[in-house]
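Data block below; observations after.
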Amino acid sequence: MPRLSEVIAALEALWPPERAESWDAVGTVAGDPDQQVGRVLFAVDPVRETVDEAVRLGADLLVTHHPLYLRGTTTVAASTSKGRVVHTLIKNDIALHVAHTNADTADPGVSDALAGALDLRVVRPLVPDPDDPAGRRGLGRVCALDHPLTLRELAARAAARLPATAQGIRVAGDPEQQVRTVAVSGGSGDSLFDAVRAAGVDAFLTADLRHHPASEARAHSPLALLDAAHWATEWPWCELAAAQLDEISDRHGWDLRVHVSTTVTDPWTAHAASTTTDD
């Protein structure tokens, strides 16, 4: 079995930490570099549910997309929720490694996985990385459909292909509008509206769209919007990342057992649809 330091080196070759945003907190959070790794679990969130899953699985390494500590802290006491995560990881000899914005802009990255889940053909990055001469890295993706769909059909495809959540898919636009090109961005995407408009796409699928940015985007153009749950838009990356590590394991003869968590860690647990009544 490989040592943790060897596995981390492979992961950082896929998602170099220096490509993370300056405000981000990526890399190895817990773990002994010399410990052996035989089983790895990928998940979106480093929360109690996924850590408990790693314990049950007998995992030696948990790889998550979201950081455990994005801001500084003065305590890892087990009386706090994040402190309890740290204690559980260390007591069970489970390492934690985070790939966040460095995985967002990777080639392939989070938005490639999202596009793949929806059967969209990636054309180019939505916001290209200026340091990538090949023009393949960057934030979000501009995609094309193999054949046009109505906005209603595209929303139904997203609802069927992405993991089920209480939110489902919210839509802004004419349900019968024809969609041929789509911009996608895993996670929160309403800071990208300028790039989406410049791309000239028919629709934008992302998460966490707020009222005012969405309203202003609709006022500027006929751009259709599809708003999915944050967790659901990033979960496909776990499958992509697991496949990448599987390939590395086979190449090095590591015989790693790589798993993807299906535990839903989206914070929203129920949805009540609005109804109309005759007065």
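All heavy atoms count here, side chains included; hydrogens, waters and symmetry mates do not. Please read all numbers here as calculations on a predicted model, not as lab measurements.
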| Hydrophobic cluster identity match, Val123 and Leu126, side-chain contacts under 4.5 Å | no
| field | Cys143 side chain reached by Thr181 side chain, heavy atoms, under 4.5 Å | value | no
| said: I want to check something: taking the side chain as every heavy atom from C-beta on, are Leu41 and Val63 in contact at a cut-off of under 4.5 Å? | reply: no
| Side-chain heavy atoms of Thr64 within contact of Phe42, under 4.5 Å | no
| said: If I compare all heavy atoms of Thr150 with all of Val179, which pair ends up nearest, and what's the gap? | reply: C-CG2, 4.4 Å
| Are Leu61 and Leu89 connected in a single hydrophobic cluster, I mean Ile/Leu/Val/Met/Phe/Trp/Tyr linked by side-chain heavy atoms less than 4.5 Å apart? | no
| Over all atoms of both residues, closest heavy-atom pair of Leu151 and Ala172 | CD2-O, 4.0 Å
| When clusters are formed by joining ILVMFWY residues with side-chain heavy atoms under 4.5 Å apart, either directly or through shared neighbours, do Leu62 and Val258 land in the same one? | no
| said: If I take atom CG from residue Leu118 and atom CG from residue Leu154, how far apart are they, to the nearest 0.5 angstrom? | reply: 7.0 Å
| request: Any chance you could measure Leu245, atom CG, to Trp254, atom CH2, to the nearest 0.5 Å? | output: 7.0 Å
| remark: One should read off an interatomic distance between Asp32 CG and Asp60 CG, to the nearest 0.5 angstrom, of 12.0 Å
| message | Between Ser111 and Asp104, is there a side-chain heavy-atom distance shorter than 4.5 Å? | response | no
| query | Is the closest basic N to carboxylate O distance between Arg161 and Asp119 below 4.0 Å? | reply | yes
| task | May I ask you to decide whether Glu247 forms a salt bridge with Arg251, counting only side-chain N to carboxylate O separations under 4.0 Å? | result | yes
| task | Evaluate whether atom CZ of Arg136 has more than 12 neighbouring non-hydrogen atoms of other residues, nucleotides or ligands under 6.0 angstrom away. | result | no
| request: Taking all heavy atoms of Ala228 and all of Leu162, pick out the closest pair and write down the distance. | output: CB-CD1, 4.1 Å
| task | Decide, yes or no, whether a salt bridge links Asp107 with Arg137 under the criterion of side-chain N to carboxylate O below 4.0 Å. | result | no
| In one Ile/Leu/Val/Met/Phe/Trp/Tyr side-chain cluster, 4.5 Å: Phe204, Leu139 | yes
| field | Straight-line distance of His87 NE2 to Arg84 CZ, nearest 0.5 Å | value | 7.0 Å
| field | side chain to side chain donor-acceptor pair (under 3.5 Å) assessment of Ser261 paired with Glu53 | value | CA-CA 8 Å; Ser261 172; Glu53 183 179 355; 2.6 Å; yes
| said: Can you give me the closest heavy-atom contact between Leu145 and Val182, atom names plus distance? | reply: CD1-CG2, 4.4 Å
| query | Is a side-chain donor-acceptor pair under 3.5 Å present for His220 with Glu216? | reply | no
| query | Do you know the tightest heavy-atom contact between Thr101 and Asp24? | reply | OG1-OD2, 2.6 Å
| task | Check whether any side-chain heavy atom of Glu12 lies under 4.5 Å from a side-chain heavy atom of His97, and answer yes or no. | result | yes
| said: Assess the residue pair Glu234 and His66 against the criterion (side chain to side chain donor-acceptor pair (under 3.5 Å)); give the C-alpha distance rounded to whole Å, side-chain angles, the decisive distance to 0.1 Å, and a yes or no. | reply: CA-CA 10 Å; Glu234 293 179 329; His66 289 152; 2.7 Å; yes
| Which residues share a ring-ring contact (aromatic ring centres under 6.0 Å, His included) with His65, sequence neighbours left out | His100, Trp237
| said: Between Val184 and Val171, is there shared hydrophobic-cluster membership here, with clusters defined by ILVMFWY side-chain heavy atoms closer than 4.5 Å? | reply: yes
| request: Starting at CG of Asp255, measure out to CZ of Arg257 and round the result to the nearest 0.5 Å. | output: 5.5 Å
| Atom pair CD1 (Ile169) and CG (Leu226), whose distance is rounded to the nearest 0.5 Å | 7.0 Å
| message | Consider side-chain contact (heavy atoms from CB on, under 4.5 Å). Of Thr105, Val142, Leu192, Asp194, which one does Val127 pass it with? | response | Leu192
| request: Scan Thr73, Leu68, Val47 and name whichever one has a side-chain contact (heavy atoms from CB on, under 4.5 Å) with Lys82. | output: Leu68
| field | Closest heavy-atom pair and its distance - Val26, Val98 | value | CB-O, 3.6 Å
| field | Charged N-O contact under 4.0 Å between Arg210 and Asp190 | value | yes
